[in-house]
Amino acid sequence: MPKPRLSDHVILICGAVVMTGPMLILLWRLVVGLNPAEIWAVFADLWINGVSRTSIGASAMMWNSMVLALGIAILKCALSMLAAYALVCFRLRGANILFGAILLAMFFPIEARILPTFAVTTELGLQNTYAGMILPITASGLGVLVLRRFLLQLPPELMEAAQMDGAGPLRFLRDVVIPMSLPAMTALFVILFALGWNQYVWPIMVTTTSQSHDTLVRGMAYAGLGGRSGLALAFLALLPPTVLVIVLQRPLVRAMTAGIH
């Protein structure tokens with residue numbers, strides 16, 4: 001292995017500063033001029049009472065954000081795995097055409113189809129519900145793309161051996177495909193969790209008359225980032241994705257740097 005050069009360390013340090021700089025500035029602006037007791041009082045008041053323009057505390061906003069992010073990430077991973085499994089392991093006619101259609105959906109985000117999606121959601125009676133916040137955006141072309149590429153590395157002999165042992169498609173999926181795909185699914189889960197956590201436009205559209213479904217991102221818009229409340233909400237909004245990446249860092253890196261061996 002070649003010995004690291006000084007320039008390599010400089011590039012890494014610069015990258016770390018650029019990536020963590022906004023977070024460090026946020027923390028500095030939040031705590032400057034306050035003692036620990038005053039900082040705690042800011043968070044405690046927000047956690048219970050929220051900002052002045054709302055009747056919902058940051059604890060409820062955190063719960064709503066968690067339900068939204070977990071619901072989106074779990075459902076997208078599950079649907080993406082089923083779609084990728086069908087495309088790779090079954091001899092479907094027009095599989096490439098179907099895969100192309102799935103990828104085409106990646107170019108039409110929820111903002112581009114928000115009006116018809118909102119109309120359908122309203123007709124189904126899903127306004128002001130968690131289901132309405134989650135279900136219309138659970139399709140994931142990105143998830144199918146990542147998992148299909150991963151499953152293409154499966155040796156064909158595995159399917160043949162499973163069939164000889166009498167294992168059906170569902171058992172093969174449960175006992176072989178999913179365990180071998182866990183690193184890829186972990187990486188995909190982290191990405192989709194962050195995307196779901198940062199959702200702003202769609203939750204506002206579908207919960208227009210229910211403040212009890214507001215998320216932390218919506219609370220930041222209420223408070224604005226110029227005051228302590230907005231900065232504190234922004235800090236709270238950073239915590240769950242950061243903790244998730246730290247906890248799942250090892251399988252995340254493994255999935256991004258290696259395939260099935």
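Below, all heavy atoms of this structure are taken into account, side chains as well, without hydrogens, waters or symmetry copies.
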Scanning both residues in full, the closest heavy-atom pair of Gly196 with Leu68 reads O-CD2, 3.6 Å
Is Arg228 reaching over with its side chain to a backbone N or O of Arg29, donor-acceptor style, under 3.5 angstrom?
yes
Closest non-hydrogen atoms of Leu126 and Ala131, given as atom of the first, atom of the second and distance, are CD2-CB, 4.2 Å
Can you name the closest pair of heavy atoms from Tyr130 and His213 and give their distance?
CE2-CD2, 3.8 Å
Nearest heavy-atom approach of Pro240 to Met62 is CG-SD, 3.8 Å
Nearest-0.5 Å distance that lies between atom OG in Ser59 and atom CG in Asn64
9.5 Å
Rounded to the nearest 0.5 Å, how far apart are CG of Leu154 and SG of Cys89?
6.0 Å
With a 3.5 Å distance limit and no angle check, can you tell me whether Glu38 reaches the backbone of Asn35 through a side-chain donor-acceptor pair?
yes
Please evaluate residues Leu231 and Phe235 with respect to the criterion side chain to side chain contact (heavy atoms under 4.5 Å, CB included), reporting the C-alpha separation (whole Å), side-chain torsions for both, the decisive distance (0.1 Å), and the verdict.
CA-CA 6 Å; Leu231 294 171; Phe235 176 76; over 6 Å; no
Can you name the one residue among Leu46, Leu216, Thr215 that meets side-chain contact (heavy atoms from CB on, under 4.5 Å) with Met61?
Leu216
With no hydrogens and no angle check, is any side-chain donor or acceptor of Lys76 less than 3.5 Å from a backbone partner on Ile137?
yes
Donor-acceptor pair, side chain of Trp202 and main chain of Ile134, under 3.5 angstrom:
no
What's the shortest heavy-atom distance between Tyr200 and Ala221, and which atoms?
OH-CB, 3.6 Å
For Leu104, does the CG atom have more than 12 heavy-atom neighbours from other residues, nucleotides or ligands under 6.0 Å away?
yes
Shared ILVMFWY cluster between Ile204 and Ile72, side chains joined below 4.5 angstrom?
yes
Test item: Trp197 side-chain N/O and Ala237 main-chain N/O as donor-acceptor pair under 3.5 Å:
yes
Looking at every non-hydrogen atom in both residues, tell me the closest pair between Leu34 and Ile39 and how far apart they are.
CB-CG1, 3.7 Å
Under 3.5 Å, side chain of Tyr85 to main-chain N/O of Pro169, donor-acceptor pair present?
yes
Does Ser181 reach the main-chain N or O of Ala184 with its side chain, forming a donor-acceptor pair under 3.5 Å?
no
